[in-house]
Amino acid sequence: MMTIKDYETNLELKNLLGICYEHPKYNEKCKVLSTKKGDVLETQGSDGNKVYFILEGYFGVFIKGTIDASKKTSKPAIIRFLQKEDTFGLPHLFSNNWKSKASLQSLGNGKVMAVDSIFLNGILERIDPKRNFILGQMDLTIKESRDFAELSFYKKEERIRKALLKCADVLGTFSPNGILLPKEITQEVLARYTSTSREYVACTIQLLTKKNMVRNKPKPLLILDKNKL
């Protein structure tokens, strides 16, 4: 069993989840939710503010109110990808009055734990008074925001190449032939992340396929040569 001192220096999400599971108020303050493709999760609601722990699946973070009303089929841009052991909504632990401009969307079948922010803050004040866990998570968020912002400096094809590299590094799994991306990373998802169209992404992937950098069939996407990207 880990002591509080151990938690202060080595607190990981799996430890924090274990504490939540074992807490006598778990059923009252925590809830595990199953999601399907397209489901949107908000951190603010009538029952209080929530922090989400990703348990399974892949999710995209998007900014609310970014849909172009002139395009009926347009969807909000994805600014960050989340997967197992990632978190969403931690700023609520710094301020109960924080107004989130971002939402979480499930890119496929997934599972999250929704935790009441006041309840979670109480746990962290006891086992992580120096806020090392939160600061580490926020540092990841800042890095991801910086990476997304840097994409805007590149031309469209280069943005797509950078996005493929990003997905390979963060979400990909090694296979005998290269790095396999999750099936949830579709051409539409890549278009939303790179602020391009699905058609442009399709053309770019076709070009990269001819150059033996990626393989699109059979799906999902396979990065054949990361160094060439």
Side-chain angles (χ1 to χ4, degrees), residues 12-14 35-39 52-63 66 75-88 102-112 136-229:
E12 297 179 356
L13 182 58
K14 61 183 178 181
T35 63
K36 61 182 183 300
K37 183 179 180 180
D39 286 350
Y52 293 101
F53 295 145
I54 311 300
L55 304 178
E56 296 176 10
Y58 298 91
F59 294 77
V61 177
F62 69 90
I63 302 299
T66 58
K75 295 184 178 181
I78 292 172
I79 63 172
R80 185 186 178 191
F81 295 112
L82 299 181
Q83 60 180 323
K84 184 179 179 180
E85 297 189 359
D86 283 330
T87 61
F88 181 69
S103 298
L104 189 65
Q105 185 172 43
S106 183
L107 301 180
N109 293 330
K111 188 176 291 185
V112 302
Q137 292 290 314
M138 295 300 290
D139 183 59
L140 290 174
T141 300
I142 292 171
K143 182 181 181 300
E144 292 290 334
S145 299
R146 184 188 64 202
D147 290 347
F148 177 76
E150 287 179 353
L151 281 180
S152 63
F153 293 100
Y154 297 100
K155 293 182 179 180
K156 289 193 291 185
E157 181 181 324
E158 188 68 13
R159 291 206 299 270
I160 294 169
R161 289 178 180 235
K162 294 285 185 184
L164 290 171
L165 279 173
K166 177 73 174 180
C167 290
D169 288 338
V170 178
L171 309 175
T173 54
F174 288 104
S175 75
N177 297 317
I179 302 176
L180 198 63
L181 300 189
K183 66 181 184 299
E184 290 84 356
I185 305 302
T186 62
Q187 292 178 1
E188 177 194 292
V189 167
L190 288 169
R192 291 174 63 187
Y193 185 68
T194 57
S195 299
T196 58
S197 67
R198 190 194 65 77
E199 292 75 15
Y200 193 90
V201 171
C203 290
T204 301
I205 288 178
Q206 185 176 19
L207 175 65
L208 298 177
T209 300
K210 290 179 180 179
K211 294 182 178 180
N212 293 320
M213 297 182 189
V214 305
R215 190 191 72 192
N216 193 31
K217 294 181 180 179
K219 297 182 183 300
L221 272 170
L222 178 70
I223 307 299
L224 298 172
D225 193 334
K226 204 176 89 166
N227 295 325
K228 288 184 179 179
L229 279 175

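Just so you know, these numbers use all the heavy atoms, side chains as well, and skip hydrogens, waters and symmetry mates. No experiment lies behind these values; they were computed from the predicted model shown.
Residues Arg192 and Gln105 are in side-chain contact: their nearest non-hydrogen atoms beyond the backbone lie under 4.5 Å apart. At a threshold of 4.5 Å between non-hydrogen side-chain atoms, the residues Leu180 and Pro220 count as touching. Side-chain contact between Asn216 and Leu221: present, with at least one pair of heavy atoms (C-beta onward) separated by less than 4.5 Å. Residues Leu107 and Ile78 meet the side-chain proximity criterion, which asks for heavy atoms closer than 4.5 Å. Side-chain contact between Asn212 and Asp225 is absent, with no heavy-atom pair separated by less than 4.5 Å. You'll find the side chain of Ile54 reaches within 4.5 Å of the side chain of Val112, heavy atoms only.
Using a 4.0 Å cut-off between charged side-chain N and carboxylate O, Lys75 and Glu188 make a salt bridge.
Shown here are the side-chain hydrogen bond (donor to acceptor under 3.5 Å, both in side chains) partners of Ser103, two or more places apart in sequence or in another chain: Glu42.
Using bins of under 30°, 30° to 60° and over 60° for the plane-to-plane angle, the ring pair Tyr193/Phe81 lands in the tilted bin.
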Counting only pairs under 3.5 Å, give me each side-chain donor-acceptor contact of residues 163-173, with atom names and distances, residues two or more places apart or in other chains.
| unit_1 | atom_1 | unit_2 | atom_2 | d |
| --- | --- | --- | --- | --- |
| Lys166 | NZ | Glu144 | OE1 | 3.2 |
| Lys166 | NZ | Glu144 | OE2 | 3.2 |
| Lys166 | NZ | Asp147 | OD2 | 2.8 |
| Asp169 | OD1 | Lys226 | NZ | 2.6 |

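Between the side chain of Arg159 and the main chain of Tyr154, a donor-acceptor pair closer than 3.5 Å is present.
Counting only N and O atoms by type, the side chains of Thr186 and Arg198 include no donor and acceptor under 3.5 Å apart.
Taking each heavy atom of Lys156 and Tyr200 in turn, the nearest pair found is CB-CE2, 3.5 Å. Between Leu55 and Lys84 the shortest heavy-atom distance is O-CG, 3.4 Å. Shown here for Ala77 and Phe62, the closest heavy-atom pair between the two residues is O-CB, 3.2 Å. What you find for Lys111 and Phe59 is that their closest heavy atoms are N-CZ, 4.2 Å. Among all heavy-atom pairs drawn from Asp39 and Lys36, the shortest one is OD2-N, 2.9 Å. A pairwise comparison of heavy atoms in Arg161 and Lys211 identifies NH2-NZ, 3.7 Å as the closest pair.
Dense packing is recorded around CD of Glu158, with more than 12 heavy atoms of other residues, nucleotides or ligands lying under 6.0 Å away.
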